[in-house]
Visitor: 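I am attaching a structure below and will ask some questions about it afterwards.
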Amino acid sequence: MKNRNLNRKWKPEVFQNKQMGRKAAAFMLAVLLAGSLAGCNSTNSNMSAAASSDTSSSTEMSSAFSSDQSTSEESNIKISTETSQQTTTENSSSDLDQTTGKSSTTSTTQTTSDPLMEDLLSIDQKQVEAILDQMSLEEKCAQMFIVEPEALLSDAPVAPNENGGVTVTDYSQIAAMQQSIPVGGIILFARNLQSADQVRNLLAQTNQTSIHQLGIPAFLSIDEEGGSVARIAKSGILGQIDEPGAQEIADMGDVNQAYLEGSEIGKHLHDLGFNMDFAPVMDVLTNPDNPVMHGRTYGNDPLKAAQFALAFGKGLLEQDVLPVYKHFPGHGDTAEDSHEGYTYSNKTLDELLACELMPFQDAVDDKMPLIMASHIALPNVTNSQLPATLSPDILTGILRYRMGYQGLIVTDSMEMKAITSRYSSTDATGGTISAGADLILMPENFQSDYWTLVEKVKSGQISEDRIDESVRRILRVKLALAKSQNQPSTESDQ
């Protein structure tokens, strides 16, 4: 059932409110004391077990917009200085410059040689703070959303383009609303693609409005994995394009083919004006009965999945297109499709660390700027049915503290039934912010959620510090994009 009241405490209360740092560190210590790692051979157990009721789910999720001004008892567990320092990385002079340990997987990419990555790592935090100080609360909240252009129509339907909704193909349709709500970015789908020039104009005008209003570009995104998920290639607006899927490339056995594929897709996207691609897939296909990931992954070997996905991402980066590594913590083990409803993995944290999380750890170690969180629940890790996108234990506890990630966390589409069938749009938006997400992709009811978020911050139910934490990360990446756009990647360094 939808629109359920979620104003109940959920357990465990590991990462709530302003004591997040202390409790997160305690969680990390507990993780570090876990037993030996299991292998990748263990697929999701008890797949036939029925998902628990919505009532059980709702009692686990705290109020999405509950006050974060309260305090709680300090943990009695002593933690190391190194661990405690991680709780304030958002105030560091360089959020993405900290060195982390490399996993056992050897990366095939040297991302610091890419101009866009070099720009990202060289951004001055003082520049970030200067822009942040000039932004209104409304502008900061708007930056946390990436939406379909249909969500910016003045009379936008709750679910864009459903029930006969209008399709946006021209910027004039959304100009007034973007000026009123300067969103962080837009995502285009096949319905929005009519011709190459039409796409270029739509993206260019969206970007120019963002630059004029805030001095920073917009995220201009699309799903272009290759294979079955290839909006541009299948649209025909650039003629016939051959984009093999991840599994096809993996079967070639040559990691350079993944790099070439990423580079070729990056060229197409950059030519049209895109600067973000929701690709590559980093999932490890450990469940042969998985209903949604076949053909979209680089196989069931986590080492190979990491190498090929990072090579694909390097190809995108060299074309000044941001890769988004997905779907954390791993969709390859599931027996369900999160597009259709509740989806989970019964693996333990040890099992995940030894397999599904390995490619993402390499992306973290290579300082990749964006990772997508999926709607996968991990009941044997969190004792909860909350999907990763709504789980502080997963996003903050595992990805931020256990794995050391300091980049942007973007949600998978919040219009997917794993979210909409169990939570209201407003609660889901608040829940993912509380969990630690920075960018909210395609909320079911964007305009209502946006204004509700603004009001909750104004009333003190959500702290402006929490919003600032995410906007700092967003500004760093956007400043790097702006720098790369003014300095073509072909230009040699002095």
Side-chain angles (χ1 to χ4, degrees), residues 2-3 138-139 141-214 217-224 229-238 269 272-278 339-340 410-421 423-426 428-429 439-454:
K2 292 176 56 177
N3 303 321
E138 289 80 5
E139 289 170 339
C141 288
Q143 283 297 294
M144 295 182 69
F145 292 91
I146 296 178
V147 302
E148 300 156 280
E150 288 79 11
L152 292 174
L153 292 167
S154 57
D155 56 348
V158 171
N161 204 245
E162 291 186 4
N163 302 319
V166 177
T167 294
V168 171
T169 56
D170 188 88
Y171 181 70
S172 63
Q173 296 172 272
I174 60 172
M177 189 58 65
Q178 191 200 1
Q179 292 164 14
S180 174
I181 308 178
V183 291
I186 61 171
I187 178 172
L188 299 190
F189 286 86
R191 63 176 180 266
N192 306 115
L193 313 175
Q194 289 187 330
S195 71
D197 285 343
Q198 168 261 327
V199 172
R200 290 188 189 101
N201 290 335
L202 174 57
L203 295 178
Q205 291 179 75
T206 301
N207 204 40
Q208 280 303 117
T209 297
S210 180
I211 292 171
H212 177 74
Q213 288 180 289
L214 302 174
F219 289 134
L220 307 169
S221 64
I222 197 164
D223 278 304
E224 196 76 11
V229 182
R231 319 292 187 201
I232 300 297
K234 290 184 176 182
S235 72
I237 63 173
L238 293 180
L269 297 185
L272 291 169
F274 292 99
N275 57 31
M276 179 184 290
D277 186 9
F278 287 107
H339 293 85
E340 301 300 326
V410 56
T411 72
D412 205 343
S413 168
M414 300 297 276
E415 291 179 354
M416 292 163 65
K417 290 182 181 178
I419 298 297
T420 61
S421 66
Y423 312 103
S424 73
S425 184
T426 299
T429 293
L439 286 165
I440 304 159
L441 178 63
M442 297 165 56
E444 186 181 23
N445 193 356
F446 162 64
Q447 293 185 34
S448 174
D449 293 354
Y450 164 73
W451 288 114
T452 300
L453 175 60
V454 170

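Heavy atoms only: backbone and side chains are in, while hydrogens, waters and symmetry mates are out.
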Visitor: Just wondering, do Glu150 and Thr167 contact through their side chains at under 4.5 Å, heavy atoms?
Guide: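 With C-beta onward as the side chain, the pair touches.
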Visitor: Kindly write out the residues that satisfy ring pair (Phe, Tyr, Trp, His ring centres under 6.0 Å) with Phe278, not counting sequence neighbours, or none if the list is empty.
Guide: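 If we apply the ring pair (Phe, Tyr, Trp, His ring centres under 6.0 Å) test to Phe278, skipping adjacent residues, there are no hits.
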Visitor: Nearest 0.5 Å, what's the CZ-CZ distance between Phe274 and Phe219?
Guide: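 One finds 15.0 Å between CZ of Phe274 and CZ of Phe219.
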Visitor: Are side-chain heavy atoms of Leu152 and Val168 found at a separation under 4.5 Å?
Guide: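 No, side chains not in contact.
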Visitor: For the pair Glu415 (side chain) and Thr420 (backbone), establish whether a donor and an acceptor sit closer than 3.5 Å, ignoring hydrogens and angles.
Guide: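 Between the backbone of Thr420 and the side chain of Glu415 there is no qualifying donor-acceptor contact (under 3.5 Å).
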Visitor: Of all heavy-atom pairs between Pro149 and Ile187, which one has the smallest distance, and what is that distance?
Guide: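 Shortest heavy-atom separation between Pro149 and Ile187 comes out as CD-O, 3.2 Å.
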Visitor: Looking only at side-chain N and O atoms, does Gln198 offer a donor or acceptor that is under 3.5 Å from a partner on Asn192?
Guide: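 The criterion, which ignores hydrogens and geometry beyond distance, is not satisfied for Gln198 and Asn192.
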Visitor: Within this structure, what is the CG-CG distance for the pair Leu272 and Asp197, rounded to the nearest 0.5 Å?
Guide: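 If we round to the nearest 0.5 Å, Leu272:CG and Asp197:CG are 9.5 Å apart.
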Visitor: If you measure from CG on Leu193 to CZ on Arg231, what distance do you get to the nearest 0.5 Å?
Guide: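 Answer rounded to 0.5 Å: 9.5 Å.
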Visitor: Checking side-chain polar atoms at under 3.5 Å, does Ser172 have a donor or acceptor matched by the opposite partner on Asp170?
Guide: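 Yes, because at least one side-chain N or O of Ser172 sits under 3.5 Å from a partner of the opposite role on Asp170.
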Visitor: Go through the side-chain N and O atoms of Ser425 and Asn445 and say whether any donor and acceptor fall under 3.5 Å apart.
Guide: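 Their side chains do not contain a donor-acceptor pair, so the 3.5 Å distance test is not met.
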Visitor: Go through Met144 and Tyr450 one step at a time and tell me if the side-chain contact (heavy atoms from CB on, under 4.5 Å) criterion holds.
Guide: CA-CA 9 Å; Met144 295 182 69; Tyr450 164 73; over 6 Å; no
Visitor: Grab the two heavy atoms, one from Phe446 and one from Ala151, that are nearest each other, plus how far apart they are.
Guide: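 Nearest heavy atoms, Phe446 then Ala151: CD2-O, 3.8 Å.
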Visitor: Check for a donor-acceptor pair, side chain of Asn207 on one end and backbone N or O of Ala218 on the other, with a separation under 3.5 Å.
Guide: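 Yes, Asn207 side chain to Ala218 backbone: donor-acceptor pair under 3.5 Å.
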Visitor: For the atom pair CE (Met414) and CG (Asp412), what is the distance rounded to the nearest 0.5 Å?
Guide: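 If I round to the nearest 0.5 Å, the distance is 9.5 Å.
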Visitor: Less than 4.5 Å apart, any side-chain heavy atom of Leu453 and any of Phe145?
Guide: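 Yes. Closest side-chain heavy atoms under 4.5 Å.
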Visitor: Check Asp277 against Ile222 and note the closest heavy-atom contact, atom names and distance.
Guide: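 So the minimum-distance heavy-atom pair works out to OD1-O, 3.1 Å.
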Visitor: To the nearest 0.5 Å, how far apart are OG1 in Thr411 and CD1 in Ile419?
Guide: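 Going from OG1 on Thr411 over to CD1 on Ile419, the span is 8.0 Å.
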Visitor: Going by atom type alone, with no hydrogens or angles, which donor-acceptor pairs under 3.5 Å involve a side-chain atom of residues 177-186 and a protein atom two or more places apart or on another chain?
Guide:
unit_1: Gln178; atom_1: OE1; unit_2: Tyr171; atom_2: OH; d: 2.5
unit_1: Gln178; atom_1: NE2; unit_2: Thr206; atom_2: O; d: 3.0

Visitor: Rounded to the nearest 0.5 Å, how far apart are CD of Glu148 and CD1 of Ile174?
Guide: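 Nearest 0.5 Å value for the CD-CD1 distance: 11.5 Å.
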Visitor: Sequence neighbours left out, what passes side chain to side chain contact (heavy atoms under 4.5 Å, CB included) with Ala233? Give chain and number order.
Guide: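 Applying side chain to side chain contact (heavy atoms under 4.5 Å, CB included) to Ala233 gives Glu224, Ala230, Ile241, Glu243.
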Visitor: Hey, does the side chain of Tyr423 reach the backbone of Thr429 with a donor-acceptor pair shorter than 3.5 angstrom?
Guide: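 No.
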